[in-house]
Student: 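Okay, handing you the structure first.
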Number of protein chains: 2
Amino acid sequence: MSVHREIRTQMQDCGDCPIRHRAVCARCEADELAQLEQIKYYRSYQAGQTVIWSGDKMDFVASVVTGIATLTQTMEDGRRQMVGLLLPSDFVGRPGRSSAAYDVTATTDLVMCCFRRKPFEDMMASTPHIAQRLLEMTLDELDAAREWMLLLGRKTAREKIASLLAIIARRDASLKQPRAVAPRITFDLPLTREEMSDYLGLTLETVSRQMSALKRDGIIVLDGKRQVTIPSMDALMDETGDDSDGGYLV
Amino acid sequence: MSVHREIRTQMQDCGDCPIRHRAVCARCEADELAQLEQIKYYRSYQAGQTVIWSGDKMDFVASVVTGIATLTQTMEDGRRQMVGLLLPSDFVGRPGRSSAAYDVTATTDLVMCCFRRKPFEDMMASTPHIAQRLLEMTLDELDAAREWMLLLGRKTAREKIASLLAIIARRDASLKQPRAVAPRITFDLPLTREEMSDYLGLTLETVSRQMSALKRDGIIVLDGKRQVTIPSMDALMDETGDDSDGGYLV
DNA sequence: GATCTGCCTTGATGCAGATCAAAAAGGGAA
DNA sequence: TTCCCTTTTTGATCTGCATCAAGGCAGATC
């Protein structure tokens with residue numbers, strides 16, 4: 001908690017850093033150095049483009065500046081499971097590992113801030129704060145992954161969909177209107193039905209059916225295929241199967 | 001990889017540290033200090049005992065010395081999902097968080113090495129290596145969690161069982177006979193059928209049925225309910241659905 | 001040895017979600 | 001506008017695992 005507050009404070013000072021860019025603090029501290037040594041550069045990807053394939057050589061680490069990317073694992077026979085959703089500020093890659101462990105794909109147009117791996121590792125060794133920030137972020141990701149394990153292992157299709165919508169809605173609401181709890185939230189789904197199914201461990205047909213069911217039951221309102229309105233966040237939360245207190249950790 | 005080698009080297013010097021105790025290195029560096037300041041202490045639990053309940057105040061972090069513990073999440077209606085298996089050397093708790101996020105239960109008799117949280121955090125701030133080691137370990141856990149997401153979301157019951165057996169067998173084999181690939185592996189299951197089902201997102205009946213099926217098909221040999229022999233590791237791996245090259249990351 | 005108790009196995013049946021198939025709805029491009 | 005192509009929806013059917021329900025077995029207690 002205290003660390004998060006510290007990060008928010010520092011973010012005020014970050015010139016080119018996007019809102020919610022948690023990795024920012026490491027960047028800011030190291031920015032001047034990094035630019036000088038040319039270890040930092042930006043890369044853009046178009047929606048749908050693959051950033052890197054699992055197993056490929058990966059000589060950089062990066063953080064998402066704008067856009068959304070996904071991490072997916074694929075089995076030999078083609079079964080796919082998304083294991084991570086990368087939002088602005090999220091970190092990709094792993095110090096100490098030279099090849100990618102997952103497929104990384106841009107689902108929207110994407111800009112990433114990359115650091116050459118070796119110099120980044122050196123920087124980490126000499127700047128203790130960076131490892132500590134990365135640890136914080138990684139622990140957050142681990143918690144998210146474990147929450148997702150509960151979803152994948154034990155929730156029904158309807159609960160899975162509701163949970164995903166709740167996560168996206170909450171993130172979106174906090175972006176647009178931090179601190180306020182809007183009674184009515186509208187947003188564009190950043191994922192196709194197929195991507196949703198890969199994330200939730202379902203088929204795309206089941207995703208579609210459950211979206212229709214939630215619409216029929218008035219839990220959500222669909223305008224076109226992508227735009228979603230949540231009339232009552234409470235009603236949506238009732239469908240997720242999560243504890244009603246909703247207080248998310250940290 | 002290089003970091004792992006470094007850790008192994010340092011382990012030689014660790015007096016009371018159990019084999020494979022990765023957290024050891026942080027401990028060793030800080031051990032003298034810790035003992036002096038009395039921030040470190042050991043606790044024992046009996047098999048079946050709950051170490052801590054989700055939501056409870058947790059003013060320590062710890063690492064497992066001997067025995068096995070589990071992390072589980074429970075939904076309001078009682079559905080349970082195990083989200084982590086803690087083996088000797090694994091770390092529990094989170095710097096910066098004062099309450100437990102999961103139920104922690106001892107499945108065997110368990111000894112944990114605990115550090116009072118606040119002093120541990122201070123130690124982390126003043127000893128950069130500790131954060132770096134914790135980061136390594138947390139990234140490993142994140143990879144394991146993501147592998148588990150693929151299992152929970154996309155694997156069949158038979159593949160899930162085979163995967164779990166493969167993980168336990170591999171760990172066991174590396175403990176007993178590091179570096180050698182034994183053609184025939186025998187071990188005791190550290191989990192009940194119900195715990196296996198909680199881990200795999202199945203019911204205990206399905207676990208039992210699939211164990212019987214693997215036995216019938218000669219993939220495993222059961223002696224009693226707990227002792228398992230794997231006649232051919234290759235045959236077992238064929239049932240997991242995993243890539244045949246089997247090369248696990250890192 | 002008899003009974004109890006906590007796992008574990010096995011059988012019968014049901015259902016949520018997968019699979020197979022086709023139609024509908026957008027959304028660009030010409 | 002029309003056509004084409006991708007995405008989404010909807011329908012019909014199938015199936016893997018859950019659920020419900022008995023037993024079985026082995027170690028503990030008396």
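Small disclaimer: the values here were computed from a predicted structure and weren't measured. Every chain is numbered from 1 and lettered A, B, ... according to where its sequence line falls, protein lines coming before strand lines.
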Student: Which part of the nucleic acid, if any, lies within reach of Gly201(B) when heavy atoms closer than 4.0 Å are counted: base, sugar-phosphate only, or nothing?
Tutor: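 Answer is sugar-phosphate: Gly201(B) comes under 4.0 Å of backbone atoms only.
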Student: Atom CG of Asp223(B) and atom P of dA26(D): how far apart are they, to the nearest Å?
Tutor: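 Those two atoms, CG and P, are 11 Å apart.
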Student: How many Å lie between CG on Leu152(A) and P on dG17(C), as a whole number?
Tutor: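 Atom CG in Leu152(A) sits about 13 Å away from atom P in dG17(C).
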Student: Please work out which residues in residues 153-165 of chain B have a non-hydrogen atom less than 4.0 Å from an atom of DNA chain C and list them by number.
Tutor: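 Residues of residues 153-165 of chain B that come under 4.0 Å of DNA chain C do not exist, since none gets that close.
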Student: Just by distance, do the side chain of Gln81(A) and the backbone of Tyr199(A) share a donor-acceptor pair under 3.5 Å?
Tutor: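 Yes; judged by distance alone, with no hydrogens or angles, the pair exists.
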Student: Can you tell which of Lys160(A), Arg170(A), Arg154(A), Lys155(A) makes a salt bridge (Lys or Arg N to Asp or Glu O under 4.0 Å) with Asp242(A)?
Tutor: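 In the set Lys160(A), Arg170(A), Arg154(A), Lys155(A), the residue that makes a salt bridge (Lys or Arg N to Asp or Glu O under 4.0 Å) with Asp242(A) is Lys155(A).
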Student: Are Arg97(B) and Asp140(A) ion-paired here, with the side-chain N under 4.0 Å from a carboxylate O?
Tutor: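 No salt bridge links Arg97(B) with Asp140(A).
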Student: May I have the distance from Arg79(B) (atom CZ) to dC17(D) (atom P), rounded to whole angstrom?
Tutor: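 Value for this atom pair: 18 Å.
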Student: Got a sec, which residues hit salt bridge (charged side-chain N to carboxylate O under 4.0 Å, His left out) with Arg80(A), two or more places apart in sequence or on another chain?
Tutor: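 Counting only residues at least two positions away or on another chain, Arg80(A) forms a salt bridge (charged side-chain N to carboxylate O under 4.0 Å, His left out) with Asp198(A).
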Student: Hey, does the side chain of Asp90(B) reach the backbone of Leu87(B) with a donor-acceptor pair shorter than 3.5 angstrom?
Tutor: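 Yes; at least one donor-acceptor contact below 3.5 Å.
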Student: What are the two closest heavy atoms between Gly241(A) and Glu159(A), and how far apart are they?
Tutor: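 For Gly241(A) and Glu159(A), the tightest heavy-atom pair comes out as CA-OE2, 3.9 Å.
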Student: Can you tell me the distance, in whole Å, between the CG atom of Asp198(A) and the P atom of dA18(C)?
Tutor: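 Atom CG in Asp198(A) sits about 12 Å away from atom P in dA18(C).
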Student: Can you check whether Thr105(A)'s main-chain N or O pairs, donor with acceptor, with Asp103(A)'s side chain at less than 3.5 Å?
Tutor: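 No; zero donor-acceptor contacts below 3.5 Å.
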Student: Rounded to the nearest 0.5 Å, how far apart are CG of Leu86(A) and CG of Leu110(A)?
Tutor: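 It is 8.5 Å, given to the nearest 0.5 Å.
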Student: Give a yes or no on whether the backbone of Thr192(A) and the side-chain of Glu195(A) come within a donor-acceptor separation of less than 3.5 Å.
Tutor: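 Yes; at least one donor-acceptor contact below 3.5 Å.
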Student: Just the table, please: protein N/O against nucleotides 3-5 of chain C N/O, every pair under 3.5 Å.
Tutor:
none

Student: What is the distance from CE of Met196(A) to C1' of dG17(C), rounded to the nearest Å?
Tutor: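 About 16 Å, once rounded to whole Å.
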Student: Quick check on the helix from dG1(C)-dC30(D) to dA30(C)-dT1(D): what's the angle between its two end axes, five base pairs per end, to the nearest 10°?
Tutor: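 Comparing the axis at each end, I get an angle of 30°.
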Student: Is the backbone N or O of Ala47(B) less than 3.5 Å from a side-chain atom of Thr108(B), with the two atoms forming a donor-acceptor pair by type?
Tutor: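 No; judged by distance alone, with no hydrogens or angles, the pair does not exist.
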Student: For Leu214(B) and dT9(C), what is the distance between atoms CG and C1' respectively, to the nearest whole Å?
Tutor: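 Distance check: Leu214(B) CG to dT9(C) C1' gives 15 Å.
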Student: Reading nucleotides 3-10 of chain D 5' to 3', which nucleotides get B (base under 4.0 Å from a protein heavy atom), which S (sugar-phosphate only), which -?
Tutor: -----SBB
Student: What are the two closest non-hydrogen atoms of Val104(B) and Ala69(B), and how far apart are they?
Tutor: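 So the two residues come closest at CG1-CB, 4.3 Å.
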Student: Whole angstrom is fine here: how far is it from CD1 in Ile220(B) over to P in dC8(C)?
Tutor: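 Going from CD1 in Ile220(B) over to P in dC8(C) covers 13 Å.
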Student: Okay, side chain of Thr107(B), backbone of Ile68(B): is any donor-acceptor separation there less than 3.5 Å?
Tutor: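 Yes, Thr107(B) side chain to Ile68(B) backbone: donor-acceptor pair under 3.5 Å.
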Student: Working to the nearest 0.5 Å, report the span between CD of Glu141(A) and CG of Leu71(A).
Tutor: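 Interatomic distance, Glu141(A) CD to Leu71(A) CG, rounded to 0.5 Å: 8.0 Å.
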Student: Do any side-chain atoms of residues 211-233 of chain B form donor-acceptor pairs under 3.5 angstrom with protein atoms, and if so which ones, sequence neighbours left out?
Tutor:
{"residue": "Ser212(B)", "atom": "OG", "partner": "Ser208(B)", "partner atom": "O", "Å": "3.1"}
{"residue": "Asp217(B)", "atom": "OD2", "partner": "Arg158(B)", "partner atom": "NH2", "Å": "2.2"}
{"residue": "Arg226(B)", "atom": "NH1", "partner": "Leu189(B)", "partner atom": "O", "Å": "3.1"}
{"residue": "Thr229(B)", "atom": "OG1", "partner": "Thr186(B)", "partner atom": "OG1", "Å": "2.9"}
{"residue": "Ser232(B)", "atom": "OG", "partner": "Asp234(B)", "partner atom": "N", "Å": "3.4"}
{"residue": "Ser232(B)", "atom": "OG", "partner": "Ala235(B)", "partner atom": "N", "Å": "2.9"}

Student: Look at the side-chain N and O atoms of Thr203(A) and state whether any lies under 4.0 Å from the OP1 or OP2 oxygen of dA18(C).
Tutor: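 For Thr203(A), the contact criterion (side-chain N or O under 4.0 Å from OP1 or OP2 of dA18(C)) is met.
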